[in-house]
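Whatever order the structure lists them in is the order used to number ligands and atoms, beginning at 1.
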Amino acid sequence: MPETRDSIVIGAGIIGAATALGLARKGRKPLVIDRLPAAGYGSTGGSCAIIRPYYSTVDGSAIAYESHFYWKDWEKFLGAADERGLARYVDCGCLVMKTQGNGMLAHALELMAAIGAPAENLDQAGLLAKLPIVDTRCFGPAKRPEDEGFGEPTVGEIQGAVFFPTGGYITDPQLATHNLQRAAEANGAEFRFNCEVTEIRRAGGRVAGVTLADGTVIDAPVVVNIAGPHSAKVNAMAGVEQGMRIKTRALRHEVAHVPSPEGFDFEHDGMVCSDNDVSTYCRPEMGNYVLIGSEDPECDEREWVDPDDFDRNFSEQWRVMVMRLAQRYPGLGIPNQTKGVVELYDVSDDWIPIYDTSDLPGFYMGVGTSGNQFKNAPIAGEMMAELIEACEAGRDHDKDPVTFRLKHIGREVSIGFYSRLREVNPESSFSVLG
Ligand SMILES: Cc1cc2nc3c(=O)[nH]c(=O)nc-3n(C[C@H](O)[C@H](O)[C@H](O)COP(=O)(O)OP(=O)(O)OC[C@H]3O[C@@H](n4cnc5c(N)ncnc54)[C@H](O)[C@@H]3O)c2cc1C
């Protein structure tokens, strides 16, 4: 007799573990299956884990702002102990440069006003008071090192920035995932590692369960694809891709860790910074380091890859990102030794995730997190559980979308915003900014 479960979650990353917790709190006993040896060892482990409220859409911003309150009171949200300790939220705030390219952040300020999130509109003196190491000259649009004028100032100066106090970063994204695993287990979930799902089985017009690489068959009426950069492969196994207007694919990304600029304690006096003039973002990293990521300027080629076959070594991109940020922080050195992360984003066509059901009854997906959903994981887990229970009770979410209440900020969102059937959202930044 095959093993039988009431639900299976494929993937023990931050979104999978949060969904398991959400389902367990609704009374299920989900089995979470991951091909890796522990929770958070996939793309979550390489996450910059930045928490920030600004997105390009009002729903995206509202959910991201709401997430701040979950992380702020992480222990209470989890309601369960972890022998490894709890992940730490450093809420140092986020500073975003005002540039012509981002419309001097007028839209972001409107969105923050609409959702009631605090935002301090700073002039250049205010920006320098927050971060005195900044060189305010403009360098954009971003160039490649081989282009003429790379690293040389262009026209004008950065006139100011917006500071978002309800943001920062989680020091250890893997530990945060382990925290969720322990909380889910305390509520009846089970995690199984080193097991790869190779088949999604159907019977009687709905999902029937999964088969593992070693031939083990597990039956379940509910199967949830939260396979991160492997999401398209798992959707292909389920045969649901043709019923999706929005698709996903894996994008390779590098993150650099370099020592703080000479004479400045970025770990304690720095903050999350996003700078579209030099097309980088950064945040403090332990050991008085600066963690640097790319905002994907048009001059850089995007590396779409097979998640089972990509180069985990640093490339020229590592040095390019550091050189770009060094334009803004002139004291930043460019070390010879590369340190940081090479990982994959699971990118949807409009860089907005898909939290949805599918054309195969009982098969659900939390995918396409596009390099920007770590922060939202606790809410994504609750939304997925709400959606699954509603659909299993007979609701047609495609026609009558389930709504979700953001309890801390007192707002309701439609989970239909994340539908696989949506048209590409033209309001998106079509970048990691979401
Ligand atoms: C470099 C980088 C920086 C980022 N920075 C930020 C940030 O600053 N802020 C933010 O909010 N977000 C950020 N993100 C995005 C965020 O980290 C992701 O959205 C999130 O971690 C995705 O979690 P997940 O659980 O969906 O996927 P994953 O963590 O990738 O988990 C998926 C799991 O599924 C497993 N799996 C896949 N296929 C199978 C199979 N067939 N059988 C069994 N198991 C399988 C994998 O082993 C994996 O463990 C970043 C992402 C990256 C890569």
Handout entry: F374 and W71 aromatic centres sub-6.0 Å
Key = yes
Practice task
Would you confirm whether the ring centroid of H253 sits within less than 6.0 angstrom of the ring centroid of Y345?
Solution key: yes
Problem - H68 vs D91, side chain to side chain donor-acceptor pair (under 3.5 Å): CA-CA, chis, key distance, verdict - result: CA-CA 9 Å; H68 161 80; D91 55 340; 5.3 Å; no
Fill in the blank from the handout: Partner of E190 under salt bridge (charged side-chain N to carboxylate O under 4.0 Å, His left out), picked from R28, R5, K29, is R5
Return a table of N or O atom pairs, ligand 1 on one side and protein on the other, at distances under 3.5 Å, rounded to 0.1 Å.
from     : atom 1 : to   : atom 2 : distance (Å)
ligand 1 : 5 (N)  : C48  : N      : 3.1
ligand 1 : 8 (O)  : A49  : N      : 3.2
ligand 1 : 8 (O)  : I50  : N      : 2.8
ligand 1 : 9 (N)  : I50  : N      : 3.3
ligand 1 : 9 (N)  : I50  : O      : 3.1
ligand 1 : 11 (O) : N372 : O      : 3.4
ligand 1 : 11 (O) : F374 : N      : 3.0
ligand 1 : 11 (O) : K375 : N      : 3.0
ligand 1 : 11 (O) : K375 : NZ     : 2.6
ligand 1 : 12 (N) : Q373 : N      : 3.4
ligand 1 : 12 (N) : F374 : N      : 3.1
ligand 1 : 14 (N) : S47  : OG     : 3.4
ligand 1 : 14 (N) : G371 : O      : 3.2
ligand 1 : 17 (O) : S47  : OG     : 2.9
ligand 1 : 19 (O) : T369 : OG1    : 2.7
ligand 1 : 21 (O) : T44  : OG1    : 2.8
ligand 1 : 23 (O) : T44  : OG1    : 3.2
ligand 1 : 25 (O) : I14  : N      : 3.2
ligand 1 : 25 (O) : I15  : N      : 3.1
ligand 1 : 29 (O) : T44  : N      : 2.9
ligand 1 : 29 (O) : T44  : OG1    : 2.5
ligand 1 : 30 (O) : S43  : N      : 3.1
ligand 1 : 30 (O) : S43  : OG     : 2.7
ligand 1 : 41 (N) : V197 : O      : 3.0
ligand 1 : 42 (N) : V197 : N      : 2.9
ligand 1 : 44 (N) : R35  : N      : 3.1
ligand 1 : 47 (O) : D34  : OD1    : 2.7
ligand 1 : 49 (O) : D34  : OD1    : 3.2
ligand 1 : 49 (O) : D34  : OD2    : 2.6

Problem - Aromatic ring pairing F164/Y54, orientation class (parallel under 30°, perpendicular over 60°, tilted between) - result: tilted
Practice task
Check whether any side-chain heavy atom of Y281 sits under 4.5 Å from a side-chain heavy atom of V272, and report yes or no.
Solution key: no
